[in-house]
Peer 1: 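Below is one structure. I have some questions about it.
Just so it is clear, the values below take in all heavy atoms, side chains as well, and ignore hydrogens, waters and symmetry mates. Note that this is a predicted model, so its numbers are computed, not measured.
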Amino acid sequence: MTPHPLRPRRAPTTEEEALALQRKLRRYVLLEDSGPEPGTASTVAGVDVAYDDERDAVAAAAVVLDARTLDVVDEATAVGRVAFPYVPGLLAFRELPAVLEALNGLARTPDLVVCDGYGFAHPRRFGLACHLGVLTGLPTIGVAKTPFTFRYEPPGHGRGSSAPLMDGDEEVGRALRTQDGVKPVFVSAGHRTTARTACAHTLQLARDYRLPETTRRADRLCRRALRARHV
DNA sequence: GCGACAG
DNA sequence: ATCTTGTCGC
């Protein structure tokens, strides 16, 4: 699944190594729509990770939904040991090893993957969602729950309203209201997509709640897997 | 140098 | 992320 030239011989251990790999991988991100147009995706996967720092354990989940009905059609989990500390800007190195393993457990490849975090909205424009997209070749988007270090003006009150998410003078994503009057979510492009398309996908997935159904399902599943030490 | 900082 | 009680509202 991972293209040969992009797979490191060994996972980064230090921040310096991780930064070097990030600089290398970021050249492969595609920021145009070669993934599914909004409404045309057949299946959409959500991925998320839960931790037990006491036991140095990590559990990842990948849940595939029917994009039209939002029904669960497939799911997989993976448990392992934490491979990297939490460092803002290097989250991918902490989360993705387990996520990749969970994705490998799926019966079929999804049309789109929704990440719990950022994509292009990142200090070096290579967040979790971009990283996962480059490693898998799949279209990905990032949907985060907090604005990180970025700035935004509150979007309109209604579902579907959005406002630019800014890193200085550069728009890196959108603050998107997914339900009337709720706090916005923070959407950015991952791989093979754009912020505009990512917002449209997010709205379709956040039909009933603030967060996309993909994220809600994956969050629930990885927590359960962590407690049960499922594989 | 110090604090802030996706999850 | 995770630690955690009650509480307000549909």
Peer 1: So if I take every side-chain heavy atom of A:D116 and compare against B:dC5, B:dA6, B:dG7, which nucleotide ends up nearest?
Peer 2: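 The closest nucleotide is B:dG7.
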Peer 1: Once you round it to whole Å, what is the distance between C1' of B:dA6 and CG of A:L128?
Peer 2: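 A:L128 atom CG is separated from B:dA6 atom C1' by 8 Å.
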Peer 1: Please give, in whole Å, the distance from B:dG7 C1' to A:H122 NE2?
Peer 2: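 The answer, rounded to whole Å, is 12 Å.
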Peer 1: What nucleic acid atoms does A:G142 come within less than 4.0 Å of, heavy atoms only: base, sugar-phosphate, or nothing?
Peer 2: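 No contact at all - A:G142 keeps every heavy atom at 4.0 Å or more from the nucleic acid.
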Peer 1: In residues 45-57 of chain A, which residues come under 4.0 Å of DNA chain C by heavy atom?
Peer 2: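 Heavy-atom cutoff 4.0 Å gives A:A50, A:Y51.
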Peer 1: Taking all non-hydrogen atoms of both residues, which atom of A:T214 and which atom of A:G46 are closest, and how far apart?
Peer 2: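 Scanning both residues completely, I find the closest heavy atoms to be CB-CA, 3.6 Å.
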Peer 1: Taking the six-membered ring for Trp, are A:Y118 and A:F150 ring centroids under 6.0 Å apart?
Peer 2: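 Yes, the ring centres sit under 6.0 Å apart.
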Peer 1: Please report the distance, rounded to the nearest Å, between CZ in A:R151 and P in B:dC5.
Peer 2: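 It is 10 Å, rounded to the nearest whole Å.
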Peer 1: Roughly how many Å is it from CZ in A:F84 to P in B:dA6, rounded to a whole number?
Peer 2: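 Interatomic distance, CZ of A:F84 to P of B:dA6: 16 Å.
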Peer 1: Of A:L203, A:L211, A:T146, which is the lone residue that meets side chain to side chain contact (heavy atoms under 4.5 Å, CB included) with A:V185?
Peer 2: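 Among A:L203, A:L211, A:T146, the one that satisfies the side chain to side chain contact (heavy atoms under 4.5 Å, CB included) with A:V185 is A:L211.
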Peer 1: Report yes if a side-chain nitrogen or oxygen of A:K145 is closer than 4.0 Å to either non-bridging phosphate oxygen (OP1 or OP2) of B:dG7; otherwise report no.
Peer 2: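 A:K145 to B:dG7 OP1/OP2: side-chain N or O found under 4.0 Å.
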Peer 1: Could you give the CG-to-C1' distance, from A:D219 to C:dT2, as a whole number of Å?
Peer 2: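 Rounded to whole Å, this separation is 12 Å.
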Peer 1: Using a 4.0 Å heavy-atom cut-off across all strands, classify A:L96 as base, sugar-phosphate, or nothing.
Peer 2: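 If one applies the 4.0 Å heavy-atom cut-off, A:L96 turns out to touch nothing in the nucleic acid.
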Peer 1: Is there ring stacking between A:Y86 and B:dG7, where the centres must be under 5.5 angstrom apart and the planes under 30 degrees?
Peer 2: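 Yes; centroid distance and tilt both under limits.
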Peer 1: Taking only side-chain nitrogens and oxygens of A:R223, does any of them come within less than 4.0 Å of OP1 or OP2 of C:dA1?
Peer 2: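 Yes, because at least one side-chain N or O of A:R223 sits under 4.0 Å from OP1 or OP2 of C:dA1.
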Peer 1: What is the distance, to the nearest angstrom, from the CZ atom on A:R224 to the P atom on C:dA1?
Peer 2: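 Going from CZ in A:R224 over to P in C:dA1 covers 18 Å.
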Peer 1: Think A:T146 has a side-chain N or O under 4.0 angstrom from the OP1 or OP2 of B:dG7?
Peer 2: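 Answer yes for this pair, as a side-chain N or O of A:T146 is under 4.0 Å from OP1 or OP2.
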Peer 1: Taking the six-membered ring where the residue is Trp, are the ring centres of A:H131 and A:F93 under 6.0 Å apart?
Peer 2: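 When the ring centroids of A:H131 and A:F93 are compared, they turn out to be within the sub-6.0 Å range.
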Peer 1: Within 45° of the ring axis of A:Y152 and under 6.0 Å from its six-membered ring centre, is that where the NZ or CZ of A:R174 lies?
Peer 2: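 Output no; distance or angle outside limits.
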Peer 1: Atom CG of A:D167 to atom P of B:dA6: distance rounded to whole Å?
Peer 2: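 Checked: the CG to P distance equals 14 Å.
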Peer 1: With a 4.0 Å cut-off on N to O distance, would you call A:D116 and A:K145 a salt bridge?
Peer 2: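 Judged by the 4.0 Å cut-off on N to carboxylate O distance, A:D116 and A:K145 do form a salt bridge.
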Peer 1: Taking only the side-chain heavy atoms of A:Y118 (C-beta and beyond), determine which of C:dT2, B:dA6, B:dC5 contains the nearest atom.
Peer 2: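 Nearest to the side-chain atoms of A:Y118, counting from C-beta on, is B:dA6.
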Peer 1: Is a salt bridge present between A:R125 and A:D167, judged by a nitrogen-to-oxygen distance below 4.0 Å?
Peer 2: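 So A:R125 pairs with A:D167 through a salt bridge.
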Peer 1: What is the separation between atom CG on A:L211 and atom C1' on B:dA6, rounded to the nearest whole Å?
Peer 2: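 So the two atoms are 13 Å apart, to the nearest Å.
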Peer 1: Among B:dG7, B:dC5, C:dT2, which nucleotide sits nearest the side chain of A:F148?
Peer 2: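 Side chain of A:F148 sits closest to B:dC5.
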